[in-house]
*Asks:* 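One structure, pasted below without further comment.
All residue numbers refer to positions in the sequence shown, counting from 1.
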Amino acid sequence: MITIISLIIGILLFGAGVYYLQQNKNDAESRKIYGVTAAIGAVVAVVCAVMLL
């Protein structure tokens with residue numbers, strides 16, 4: 001159960017990071033922050049997806 005919830009959170013975090021990265025693509029500091037956010041979300045989603053297998 002916790003793995004499914006973590007997978008959903010990871011996907012949402014990745015999606016939010018990518019969305020705001022596109023919104024603020026001209027600001028260098030925002031790109032760094034939202035890029036890291038998207039990367040963390042992707043890692044959490046992939047790890048949880050592997051744990052479900």
Side-chain angles (χ1 to χ4, degrees):
M1 181 70 175
I2 192 78
T3 308
I4 295 171
I5 294 170
S6 299
L7 177 64
I8 293 169
I9 290 171
I11 291 170
L12 289 174
L13 191 60
F14 174 72
V18 169
Y19 174 77
Y20 286 112
L21 186 63
Q22 291 298 318
Q23 294 294 320
N24 299 312
K25 60 184 170 187
N26 295 326
D27 185 17
E29 188 173 344
S30 292
R31 269 198 323 257
K32 185 170 75 170
I33 292 169
Y34 295 129
V36 169
T37 302
I40 291 171
V43 168
V44 169
V46 167
V47 167
C48 291
V50 169
M51 288 175 63
L52 281 174
L53 296 177

*Asks:* Find the distance between CG (N24) and NZ (K32) and round it off to the nearest 0.5 Å.
*Replies:* 14.5 Å
*Asks:* Within this structure, what is the OG1-OH distance for the pair T37 and Y19, rounded to the nearest 0.5 Å?
*Replies:*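 Going from the OG1 atom of T37 to the OH atom of Y19 covers 15.0 Å.
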*Asks:* Are I4 and I11 linked, directly or through intermediate hydrophobic residues, by side-chain heavy-atom contacts shorter than 4.5 Å (ILVMFWY only)?
*Replies:*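 The answer is yes; both residues are in one hydrophobic cluster.
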*Asks:* Write down the atom of Y34, the atom of G17, and the distance for their closest heavy-atom approach.
*Replies:* CB-O, 3.7 Å
*Asks:* Using side chain to side chain contact (heavy atoms under 4.5 Å, CB included) as the criterion, list what pairs up with I2, not counting sequence neighbours.
*Replies:* S6
*Asks:* I40, Y20: one ILVMFWY side-chain cluster at the under-4.5 Å cut-off?
*Replies:* no
*Asks:* Which heavy atom in C48 sits nearest to a heavy atom in T3, and how many Å separate them?
*Replies:* O-CG2, 3.4 Å
*Asks:* Work out which heavy atom in R31 is nearest to a heavy atom in K25; give both atom names and the distance.
*Replies:*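 Minimum heavy-atom contact is NH1-O, 2.9 Å.
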*Asks:* How long is the span from the CD1 atom in I8 to the CG atom in L13, to the nearest 0.5 Å?
*Replies:* 13.5 Å
